[in-house]
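Positions are given from 1, in the same order as the sequence printed here.
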Amino acid sequence: MPKRFFITTPMYYVNDRPHIGHTYTTILVDVLARHHRMLGEDVFFLTGTDEHGQKIERAASDRGITPQQLVDEVAPNFENLWQQMGLTQDYFVRTTHQAHKELVQQRYKELSAKGDIYKAEYEGLYSLSDEAFVTETQVKELQAQGLGHTLTTLKEESYFFRLSAYENWLIQLFDRYPEFVRPEFRLNEVKRFVAPNGERGHLQDLSISRTSITWGIPIPDDEKHVVYVWFDALLSYMSACKEGHWPPQIQVIGKDILRFHAIYWPAFLMSMFREEGDDLNGELPDRIRQQLPQTILTHGWWLMGETKISKSLGNIVRPKELLHFGVDAARFYLIRDMQLGHDRSFTFESFIERLNADLANGLGNLASRSISMLHKYRAGVVPIPNVWDESDNEIKDMISNTATDYLEKMEQNNYSGALESLWATLRALDGYIVKSQPWNLAKDASNSADSAKLDTVLAQLYRALRMTAVLATPVMPQICQLLWESLGLSGKVVDQRFAGLAIESPAPNPVKDALPLFSRIDKDVALSEIEAIQIANTQPDKPRLDVPELRETTDYDTFWKTDLRVGKILEAQRVPKSEKLIKMKVDIGLEIRTVVGGIGTAYEPEQLVGRSVVVVANLAPRKLMGIESHGMLLCASDNNSKPYLIVPSDSALPGFIVK
């Protein structure tokens with residue numbers, strides 16, 4: 001059975017459209033998911049959106065819509081972008097999914113029964129940005145990040161999680177298992193927070209409920225409280241986990257949410273998995289460590305100059321600008337130029353320079369020259385080398401060592417270093433071509449020594465390019481597939497395995513014509529194009545509707561014959577052999593109906609259970625795929641978008657008339 005590998009992005013808060021920070025994080029996780037698939041592992045890649053909390057409630061109120069309507073509008077921005085970019089997530093979870101709500105309430109009850117949750121009144125400073133109560137020490141941290149203006153004084157009744165009770169186990173986790181937070185200097189930050197200057201007893205209990213907002217998961221048996229956003233959002237990693245894949249091996253986050261993931265999250269899990277008789281003042285049990293994430297992998301911020309890129313500062317870099325030169329180009333730049341854990345300044349000038357140097361002049365030019373010479377001097381057939389001089393052996397050793405070094409650096413979370421190691425070899429091959437001068441070696445076909453040397457040079461170039469196509473596939477899947485095909489290799493390069501990378505094995509087929517991998521970018525032209533995209537992004541969004549004209553006017557009496565009722569979906573399952581159809585049991589107040597709806601491209605069955613919907617209740621029954629459907633659900637869409645269910649207020653009961 002292959003090793004299981006569970007990796008997550010953060011749950012992105014849906015108060016804005018995706019920007020470079022979201023894009024980088026998700027691309028990094030996609031690169032790691034692809035990499036581990038090519039290691040032969042059973043990968044589960046989870047991403048999604050965090051959709052509850054005060055900021056969502058306020059934003060919805062400002063627009064005169066419900067919070068559910070707001071998150072249903074914004075969440076697809078993330079999901080659709082990841083699909084557009086060809087990312088390979090296995091599941092997209094939303095914290096408004098019914099299954100997630102049920103798990104949060106279940107875990108809340110379990111922790112409460114263990115005595116780890118209690119009710120009290122809290123008065124103190126509250127961070128609107130983090131949606132968290134903060135200590136004086138944390139205030140200084142927030143102010144250093146330019147977030148002090150988002151603090152307010154708040155007093156309210158709250159349920160608290162006994163975070164302080166887990167201080168001893170947390171400190172042992174950090175000391176005995178340093179791989180829990182990477183890089184190391186981020187682990188040291190966490191240690192200083194839990195035990196400043198090595199002194200214990202500073203960790204405070206954590207507020208996990210709110211009464212001043214309603215947009216959240218109700219606390220069981222006390223519904224004037226809703227579950228506070230971080231207890232809610234963190235549990236989405238568990239509620240959406242594929243069976244058999246717990247715990248996560250890697251959870252990738254930005255440094256601004258390190259405290260929540262490296263302190264609160266493991267403490268919640270420790271409480272969930274501890275058993276009667278476990279001593280919170282004693283040794284951390286190994287079985288509990290085995291239920292915690294293996295690594296919280298923490299990256300820094302992308303900066304404009306020395307300033308964090310953020311919506312509030314108006315210096316956003318949107319995905320459309322990054323993707324202007326292709327998805328793989330953006331992927332390569334973001335992974336190559338960010339040293340994990342540290343901040344990195346972004347400019348479009350440096351972006352273009354990197355792409356020109358490494359993709360156009362580097363890999364692209366080397367591949368074109370090498371394949372052209374194989375066609376010109378050996379009719380496309382890759383020769384088998386038999387004669388080696390000193391320079392040939394140096395390159396041979398370098399190629400052989402590169403694969404090992406690359407995979408080791410990836411394992412050490414040094415992704416930028418892995419790519420630099422690979423591209424150093426590609427640069428050395430350019431020098432090898434210049435030194436070997438294959439065009440001179442090919443001049444005298446009768447000279448056996450020159451012919452043998454030419455065979456060696458051409459074979460080495462081929463082997464290095466074949467190796468590059470495999471190693472770099474997780475970073476640049478499209479470009480590497482083009483290179484793979486140019487080398488005359490069949491199938492999909494993503495189906496290759498690193499363990500099967502036999503660098504010196506003979507070429508199975510002649511090379512084909514060199515496909516263009518990446519074209520050099522004219523910087524001045526490109527910067528003008530980026531500026532035009534940015535200007536377009538600042539213009540107010542105008543609806544782009546692809547819908548029929550209004551239907552003919554109907555009279556009131558005719559319309560009144562349509563009986564619209566609030567319904568609640570009790571069960572949902574896909575109809576076999578149909579992509580779109582979902583069979584549902586719907587409570588319409590007066591009775592329970594079977595309704596078949598063509599919403600399977602927009603919703604998973606588990607997302608539908610528990611949802612309130614609007615049902616056309618007096619339609620004559622009709623059969624769909626052999627199933628009698630008695631009713632229709634109201635949805636909204638244009639000709640190009642997926643259907644969005646019309647959602648009545650949560651307080652509207654099944655059977656209510658919609659009028």
Side-chain angles (χ1 to χ4, degrees), residues 357-407 419-473 479-480 482-490 493 496 498 500-518 520:
D358 285 7
L359 297 188
N361 298 344
L363 176 60
N365 186 51
L366 178 66
S368 177
R369 293 175 72 189
S370 301
I371 293 170
S372 295
M373 287 190 291
L374 279 164
H375 279 295
K376 186 175 182 179
Y377 303 138
R378 293 294 182 263
V381 176
V382 181
I384 296 176
N386 293 305
V387 177
W388 305 83
D389 63 21
E390 184 177 352
S391 66
D392 298 327
N393 282 316
E394 287 178 1
I395 289 296
K396 179 183 179 182
D397 291 343
M398 176 178 283
I399 294 172
S400 177
N401 293 335
T402 295
T404 301
D405 187 53
Y406 182 93
L407 294 173
L419 288 174
E420 170 54 30
S421 174
L422 181 54
W423 256 255
T425 297
L426 299 183
R427 289 192 294 272
L429 288 167
D430 276 327
Y432 178 57
I433 292 173
V434 172
K435 183 176 181 180
S436 301
Q437 298 183 336
W439 46 90
N440 285 332
L441 296 174
K443 283 182 178 179
D444 186 357
S446 62
N447 188 321
S448 59
D450 284 356
S451 182
K453 169 70 173 178
L454 180 58
D455 283 347
T456 301
V457 172
L458 295 177
Q460 300 239 72
L461 295 174
Y462 170 87
R463 291 173 177 180
L465 290 171
R466 183 173 60 184
M467 173 189 72
T468 300
V470 175
L471 293 179
T473 283
I479 286 176
C480 288
L482 291 176
L483 177 57
W484 186 255
E485 292 171 7
S486 296
L487 295 173
L489 298 165
S490 59
V493 67
Q496 302 302 306
F498 297 132
L501 182 56
I503 293 172
E504 296 182 5
S505 62
N509 306 302
V511 298
K512 297 182 179 179
D513 291 338
L515 297 171
L517 303 185
F518 193 83
R520 182 173 177 79

**Q** If I take atom CG from residue Leu363 and atom CG from residue Leu483, how far apart are they, to the nearest 0.5 angstrom?
**A**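 Between Leu363 CG and Leu483 CG, I get 6.0 Å after rounding to 0.5 Å.
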
**Q** Which distance, rounded to the nearest 0.5 Å, do you find between the CE of Met467 and the CG of Leu422?
**A**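 Met467 atom CE to Leu422 atom CG measures 5.5 Å (nearest 0.5 Å).
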
**Q** Can you tell me how far CD1 of Ile503 sits from CD of Gln460, rounded to the nearest 0.5 angstrom?
**A**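 The distance works out to 11.0 Å.
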
**Q** Under the salt bridge (Lys or Arg N to Asp or Glu O under 4.0 Å) test, which residues partner Glu420, sequence neighbours left out?
**A**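 For Glu420 the salt bridge (Lys or Arg N to Asp or Glu O under 4.0 Å) partners, ignoring immediate neighbours, are Arg336, Arg427.
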
**Q** Is there side-chain contact between Met373 and Val457, with heavy atoms separated by less than 4.5 Å?
**A**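 Heavy-atom side-chain distance check fails, nothing below 4.5 Å.
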
**Q** Sequence neighbours excluded, which residues qualify as salt bridge (Lys or Arg N to Asp or Glu O under 4.0 Å) partners of Asp430?
**A**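 Asp430 satisfies salt bridge (Lys or Arg N to Asp or Glu O under 4.0 Å) with Arg369 once adjacent residues are dropped.
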
**Q** Could you work out, with side-chain hydrogen bond (donor to acceptor under 3.5 Å, both in side chains) as the rule, every residue matching Ser421, not counting sequence neighbours?
**A**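 side-chain hydrogen bond (donor to acceptor under 3.5 Å, both in side chains) list for Ser421, sorted by chain: Asp405.
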
**Q** Give me the atom names and distance for the closest heavy-atom approach of Arg466 to Ala507.
**A**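 That closest heavy-atom pairing would be NH1-CA, 4.1 Å.
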
**Q** Would a distance-only check, ignoring hydrogens and angles, find a side-chain to backbone donor-acceptor pair under 3.5 Å from Trp423 to Asp358?
**A**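 Present.
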
**Q** Of all residues at least two apart in sequence or in a different chain, which pass the ring pair (Phe, Tyr, Trp, His ring centres under 6.0 Å) check with Phe498?
**A**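 Residues passing ring pair (Phe, Tyr, Trp, His ring centres under 6.0 Å) with Phe498: His35.
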
**Q** Could you grab the distance from atom OG1 of Thr468 to atom CD1 of Ile399, nearest 0.5 Å is fine?
**A**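 Atom-to-atom, Thr468:OG1 and Ile399:CD1 are 8.5 Å apart.
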
**Q** Specify the closest pair of heavy atoms between Ala403 and Leu471, including all atoms of both residues, with the distance to one decimal.
**A**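 For Ala403 versus Leu471, the nearest heavy atoms are CA-CD1, 3.9 Å.
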
**Q** Can you tell if the side chain of Pro383 reaches within under 4.5 Å of the side chain of Thr456, non-hydrogen atoms only?
**A**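 No, too far: nothing below the 4.5 Å cut-off.
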
**Q** What heavy-atom pair brings His375 and Lys512 nearest, and what distance separates the two atoms?
**A**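 Minimum heavy-atom contact is NE2-O, 2.8 Å.
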
**Q** For a 4.5 angstrom cut-off between non-hydrogen side-chain atoms, does Leu366 reach Leu465?
**A**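 Side chain of Leu366 against side chain of Leu465, heavy atoms only: contact under 4.5 Å found.
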
**Q** State which residues pass salt bridge (Lys or Arg N to Asp or Glu O under 4.0 Å) with Asp389; sequence neighbours excluded, sorted by chain then number.
**A**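 In terms of salt bridge (Lys or Arg N to Asp or Glu O under 4.0 Å), with neighbours along the sequence ignored, Asp389 is linked to Lys453.
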
**Q** Leu515: which residues meet the side-chain contact (heavy atoms from CB on, under 4.5 Å) condition with it, sequence neighbours left out?
**A**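 Applying side-chain contact (heavy atoms from CB on, under 4.5 Å) to Leu515 gives Leu482, Glu485, Ser486.
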
**Q** Is any side-chain heavy atom of Tyr462 less than 4.5 Å from a side-chain heavy atom of Ser370?
**A**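 Heavy-atom side-chain distance check fails, nothing below 4.5 Å.
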
**Q** Could you verify whether a donor N or O on one side chain and an acceptor N or O on the other, from Lys443 and Asn440, lie under 3.5 Å apart?
**A**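 Yes, side-chain donor-acceptor contact under 3.5 Å.
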
**Q** Taking the side chain as every heavy atom from C-beta outward, state whether Trp388 and Ile395 have any atom pair closer than 4.5 Å.
**A**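 Not touching, per the 4.5 Å side-chain cut-off.
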
**Q** Quick one, Leu517 and Leu359 - any side-chain contact, counting heavy atoms below 4.5 Å?
**A**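 No, side chains not in contact.
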
**Q** On a heavy-atom basis, which atom in Cys480 and which in Ala469 lie closest, and how many Å separate them?
**A**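 Nearest pair, atom of Cys480 first, then Ala469: CB-O, 3.4 Å.
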
**Q** Give the intermediate values and the outcome of side-chain contact (heavy atoms from CB on, under 4.5 Å) for residues Arg378 and Asp455.
**A** CA-CA 9 Å; Arg378 293 294 182 263; Asp455 283 347; 2.7 Å; yes

**Q** Measuring from Leu374:CG to Leu461:CG, what's the distance to the nearest 0.5 Å?
**A**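 With rounding to 0.5 Å, CG (Leu374) is 7.5 Å from CG (Leu461).
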
**Q** Are the side chains of Leu489 and Gln496 in touch, meaning some heavy atoms are under 4.5 Å apart?
**A**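 No, their side chains stay 4.5 Å or more apart.
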
**Q** Look up atom CG in Leu454 and atom OH in Tyr377, then write down how far apart they are to the nearest 0.5 Å.
**A**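 That separation rounds to 7.5 Å.
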
**Q** Looking only at heavy atoms, what is the nearest atom pair of Ala428 and Met398, with distance?
**A**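 Of all heavy-atom pairs spanning Ala428 and Met398, the closest is CB-SD, 3.4 Å.
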
**Q** Search all heavy atoms of Ala452 against all heavy atoms of Val387 and return the closest pair with its distance.
**A**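 Minimum heavy-atom separation between Ala452 and Val387: CB-CG2, 3.7 Å.
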
**Q** Any side-chain heavy-atom pair from Val493 and Val470 closer than 4.5 angstrom?
**A**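 Side-chain contact under 4.5 Å: yes.
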
**Q** So Leu487 and Asn509, side-chain contact (heavy atoms from CB on, under 4.5 Å) or not? Walk me through it.
**A** CA-CA 8 Å; Leu487 295 173; Asn509 306 302; over 6 Å; no

